[in-house]
There are 2 protein chains.
Amino acid sequence: MVKDNKKMQMRRPTSIDIAALAGVSQATVSRALSRPASVSEGVRQRVFDAAAKLNYTVDINARKLRSKKINTIAVLVSEDIDQGDNPINPFFLPLIGQIMNYAGEKGVDVLMSLQKQSSDWGADYGFSRRADGIIFLGYRDFETYLQKIEALRTVGEPWVVFGPVMPETPNVFIGSDNEGGAYTAVAHLLKLGRKRIVFLGEASERHSEFFERYKGFMRAHTEAGVRPDDSLAIDCFISREEGAAAIERLLDDSITFDAVFAVTDLLAIGAIQSLQKRGLNVPKDVSVMGFDDLWACTCINPALSTVRQDTKTAAQVLVDTLAALIDGEPVEMTRIPTQLVIRESCGG
Amino acid sequence: MVKDNKKMQMRRPTSIDIAALAGVSQATVSRALSRPASVSEGVRQRVFDAAAKLNYTVDINARKLRSKKINTIAVLVSEDIDQGDNPINPFFLPLIGQIMNYAGEKGVDVLMSLQKQSSDWGADYGFSRRADGIIFLGYRDFETYLQKIEALRTVGEPWVVFGPVMPETPNVFIGSDNEGGAYTAVAHLLKLGRKRIVFLGEASERHSEFFERYKGFMRAHTEAGVRPDDSLAIDCFISREEGAAAIERLLDDSITFDAVFAVTDLLAIGAIQSLQKRGLNVPKDVSVMGFDDLWACTCINPALSTVRQDTKTAAQVLVDTLAALIDGEPVEMTRIPTQLVIRESCGG
DNA sequence: CTGAAAGCGCTTACAG
DNA sequence: CTGAAAGCGCTTACAG
């Protein structure tokens with residue numbers, strides 16, 4: 001079936017048309033529509049009626065240009081090449097949903113863009129006055145982007161980042177309580193009697209989130225008086241495949257362990273799957289603990305215990321902090337509390 | 001730590017500033033930046049240098065107002081109350097990612113908004129010239145929204161919908177080959193020797209996607225010469241919980257069945273979980289087949305067989321079709337091919 | 001409370 | 001190829 005919609009185009013009505021129909025000046029139409037309280041009741045009614053009759057709505061571009069208020073935030077999500085078909089890390093998807101939700105409630109528009117790792121970078125989302133400010137998502141190895149972002153700073157463009165928290169960098173990083181979350185999770189494993197816990201993830205300064213989780217891992221050991229074995233600290237990328245492969249390597253090398261703490265659920269899911277493939281029982285032989293609380297945690301069998309990142313709160317803090325920066329208000333760096341979620345995969 | 005960014009505000013440079021610095025007219029700056037080929041090499045260079053020096057970028061709002069080209073699409077996602085914490089159905093998340101990806105490649109901006117079921121509806125996303133057109137996602141019971149959308153038609157606003165396909169409605173609905181996908185899947189189950197296949201989902205006209213899948217389910221039976229038992233056609237909402245509950249009811253009522261075809265992976269996952277809870281083996285006792293190919297299909301154990309909806313192609317078709325409508329070009333209604341993905345859950 | 005007027009920062013015929 | 005000029009559709013002091 002072929003359709004043609006050419007003839008449906010017609011001139012959009014402007015505030016001048018409404019003014020004529022309502023019998024007032026164009027300026028009054030504008031007032032009635034942008035600040036209804038500023039005009040008299042009768043005028044307001046006539047203007048509203050006329051607007052409804054002509055299907056009029058204000059041209060948002062003219063308003064933004066003239067008023068200099070954009071009322072829009074840009075969410076820049078970094079492409080996750082590890083995820084293959086789906087260009088976004090599954091953890092960020094619900095966070096995006098929550099941001100859309102909260103921004104919608106506050107009445108601010110959300111411009112969303114996927115930033116290719118290769119590309120020239122959409123730092124001009126703010127520059128070109130598309131948005132008042134930017135939320136960065138998924139820039140896990142954030143240091144790579146630091147110089148690009150420096151450009152934003154010189155222009156005074158407000159932005160916030162979710163994930164890595166770098167207090168020494170003069171801007172706003174919002175993240176979960178990674179150290180505390182990891183600490184609680186690993187302490188739980190130790191309390192269960194686990195002694196040889198694999199740390200699965202990238203514990204380098206480049207990924208400060210994961211490094212913090214590593215610190216929590218270490219602190220739990222110290223407090224429990226258990227000395228972690230260096231050969232159980234596995235450096236690997238954040239994908240299910242890498243998690244699975246890392247565990248298989250440990251098994252191949254006959255390195256014994258009775259628990260896995262993965263810095264990400266993705267990794268933990270991979271770990272469970274290769275453990276099971278090798279005939280090991282989770283949690284009987286090996287307890288597994290993840291981080292994030294992906295939706296899939298309750299799909300896998302046994303259900304994955306994890307440290308929940310509160311995406312709803314994170315969304316609110318991100319949007320509110322950005323709004324404060326935009327308005328030039330003082331802002332505090334915040335840590336979003338995490339929550340230990342015990343399911344079947346860690347036993348006990 | 002408290003920060004104050006008030007003093008960072010300064011006047012944005014305009015094309016006039018660039019003109020002065022480059023020694024050309026403002027009009028020439030505009031040309032150099034919007035159609036570089038239209039100015040001489042030397043001028044272009046001077047303008048670019050000046051722009052770079054002053055960190056200049058064109059004010060997108062002024063450009064949109066003046067040129068009347070918005071170059072933006074709005075993606076309106078309907079809130080999914082069934083999903084609890086996460087306001088968006090998991091199936092749409094990857095589709096959103098793909099739309100962001102493809103739109104980004106085409107250089108069009110994406111405005112994203114979550115539409116509350118209760119709210120007044122953001123039909124004015126196009127009206128107010130925020131966007132050239134709208135992509136609707138997640139309006140499964142689309143008929144509810146039909147009259148609201150009627151308003152778009154009167155204004156000649158282009159839009160497309162993913163999901164339900166309603167040929168009788170004069171606009172553009174883009175969906176997967178639901179009938180064919182379901183047919184192939186159910187034919188596969190029948191070929192495996194399954195005779196009593198549960199249809200899990202809402203096979204009403206209100207949800208045309210699911211009704212189409214029901215037709216495919218029926219056709220497979222007819223062609224195999226198997227008469228479907230009406231008591232195996234279960235009407236239920238699209239959530240994991242509902243799927244689990246429906247299966248438990250069947251079990252409680254001692255209705256026998258050897259396979260489940262669910263109109264959605266969400267439902268299939270719920271089905272597997274309650275089957276296992278009741279001590280049944282999937283796929284030995286009961287084969288299970290879903291629809292969508294959620295990421296979680298390979299997390300559940302046994303991995304879920306399903307009919308894959310091709311979100312990447314869907315994203316492209318949605319964006320391209322909308323672009324054609326915007327340009328007033330003829331457009332065809334398309335069906336996105338599906339693909340049967342056999343995993344462990346259906347045996348054989 | 002309302003109107004007349006200026007102007008936000010661009011693009012695009014129109015001349016040359 | 002370039003410049004002077006008009007104008008996109010609003011908002012907002014400024015008067016009254």
Side-chain angles (χ1 to χ4, degrees), chain A residues 9-48 50-51 54-72 124 126-132 155, chain B residues 9-48 50-51 54-72 124 126-132 155:
Chain A
Q9 308 294 346
M10 46 179 125
R11 194 176 68 82
R12 262 179 69 88
T14 71
S15 55
I16 296 178
D17 300 316
I18 307 306
L21 185 57
V24 294
S25 73
Q26 179 273 329
T28 297
V29 171
S30 175
R31 281 193 204 94
L33 261 17
S34 54
R35 283 171 299 122
S38 69
V39 300
S40 69
E41 159 107 41
V43 165
R44 193 188 317 148
Q45 204 49 251
R46 275 173 17 236
V47 169
F48 278 41
L54 300 189
N55 271 321
Y56 171 79
T57 52
V58 325
D59 185 315
I60 206 76
N61 302 301
R63 171 177 283 177
K64 285 175 179 173
L65 172 60
R66 185 58 247 237
S67 73
K68 320 210 108 190
K69 288 172 197 139
I70 315 288
N71 198 33
T72 302
D124 65 11
F127 293 169
S128 45
R129 291 188 7 106
R130 280 175 172 80
D132 301 300
V155 188
Chain B
Q9 309 295 348
M10 44 178 127
R11 193 178 69 81
R12 261 179 69 87
T14 71
S15 55
I16 297 178
D17 301 315
I18 308 306
L21 185 55
V24 293
S25 74
Q26 180 272 331
T28 296
V29 170
S30 174
R31 281 193 204 94
L33 261 17
S34 55
R35 285 172 296 124
S38 69
V39 300
S40 68
E41 157 108 44
V43 165
R44 191 188 318 148
Q45 202 48 252
R46 266 157 42 222
V47 169
F48 279 41
L54 300 189
N55 271 321
Y56 170 80
T57 52
V58 324
D59 185 314
I60 206 75
N61 303 301
R63 170 178 286 178
K64 285 175 179 173
L65 173 58
R66 185 57 244 240
S67 72
K68 319 211 109 192
K69 289 171 196 139
I70 315 289
N71 197 33
T72 302
D124 65 10
F127 294 166
S128 45
R129 291 191 4 107
R130 280 175 171 80
D132 302 298
V155 188

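Keep in mind that what you see is a predicted model, and the values were worked out from it rather than measured. Chain A is the first sequence line, chain B the second, and so forth, proteins listed ahead of strands; every chain is numbered from 1.
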(request) For C/dA4, give its Watson-Crick or G-U wobble partner with both distances under 3.5 Å, or none. (result) none

(request) Pick out which of A/Val58, A/Val43, A/Val39, A/Ile18 makes a side chain to side chain contact (heavy atoms under 4.5 Å, CB included) with A/Val29. (result) A/Ile18

(request) Starting from P on D/dG9, measure out to NZ on B/Lys69 and report it in whole angstrom. (result) 15 Å

(message) Looking at A/Arg63 and A/Lys69, would you say the former's side chain and the latter's main chain have a donor-acceptor pair under 3.5 Å?
(response) no

(message) Checking B/Ser30 now: which residues fulfil side-chain hydrogen bond (donor to acceptor under 3.5 Å, both in side chains) with it, not counting sequence neighbours?
(response) none

(request) Say whether, by atom type as modelled, one donor and one acceptor occur between the side chain of A/Arg129 and the main chain of B/Asp59 under 3.5 angstrom. (result) no

(message) If you assign B/Ala62 and B/Val43 each to the DNA chain D nucleotide with the nearest heavy atom, which residue ends up on the more 5' nucleotide?
(response) B/Val43

(message) Test your reading of the model: is there a side-chain donor-acceptor pair from A/Arg44 to the backbone of A/Pro36, 3.5 Å cut-off?
(response) yes

(request) Starting from P on C/dT2, measure out to CZ on A/Arg46 and report it in whole angstrom. (result) 8 Å

(request) Please state how far atom CG in A/Asn61 lies from atom P in D/dT11, giving the value in whole angstrom units. (result) 12 Å

(request) Using heavy atoms and a sub-4.0 Å distance, could you list which residues of residues 23-36 of chain B are near DNA chain C? By number, please. (result) B/Gln26, B/Ala27, B/Ser30, B/Arg31, B/Ser34

(request) Answer with base, sugar-phosphate or nothing: what part of the nucleic acid does A/Lys68 contact at a heavy-atom distance below 4.0 Å? (result) sugar-phosphate

(request) Give the rounded distance in Å between these two atoms: CD of B/Glu41 and C1' of D/dT2. (result) 17 Å

(request) If C/dA13 has a Watson-Crick or G-U wobble mate with both distances under 3.5 Å, name it; if not, just say none. (result) none

(request) Can you tell me the distance, in whole Å, between the CD1 atom of B/Ile60 and the C1' atom of C/dC10? (result) 10 Å

(request) Mind running side chain to side chain contact (heavy atoms under 4.5 Å, CB included) on B/Thr72 and A/Arg130 for me, showing each step along the way? (result) CA-CA 11 Å; B/Thr72 302; A/Arg130 280 175 172 80; over 6 Å; no

(message) Is it the case that the side chain of B/Asp132 and the backbone of B/Asn71 share a donor-acceptor pair, with hydrogens and angles ignored and the cut-off at 3.5 Å?
(response) yes

(message) Is there, by distance only and without an angle test, a donor paired with an acceptor across the side chain of B/Arg66 and the base of C/dG9 below 3.5 Å?
(response) no

(request) Calculate the interatomic distance between A/Leu65 atom CG and C/dG9 atom P; express it in whole Å. (result) 7 Å

(message) Which nucleotide wins on minimum distance to the side chain of B/Ser15, given the candidates D/dC10, C/dG9, C/dC10?
(response) C/dC10

(message) In this structure, how many angstroms lie between the P atom of D/dG7 and the CG atom of A/Asp59, rounded?
(response) 18 Å

(request) Tell me whether the OP1 or OP2 atom of D/dC8 has a side-chain N or O from B/Ser67 closer than 4.0 Å. (result) no

(request) Please state how far atom CD1 in B/Ile70 lies from atom P in D/dC8, giving the value in whole angstrom units. (result) 15 Å

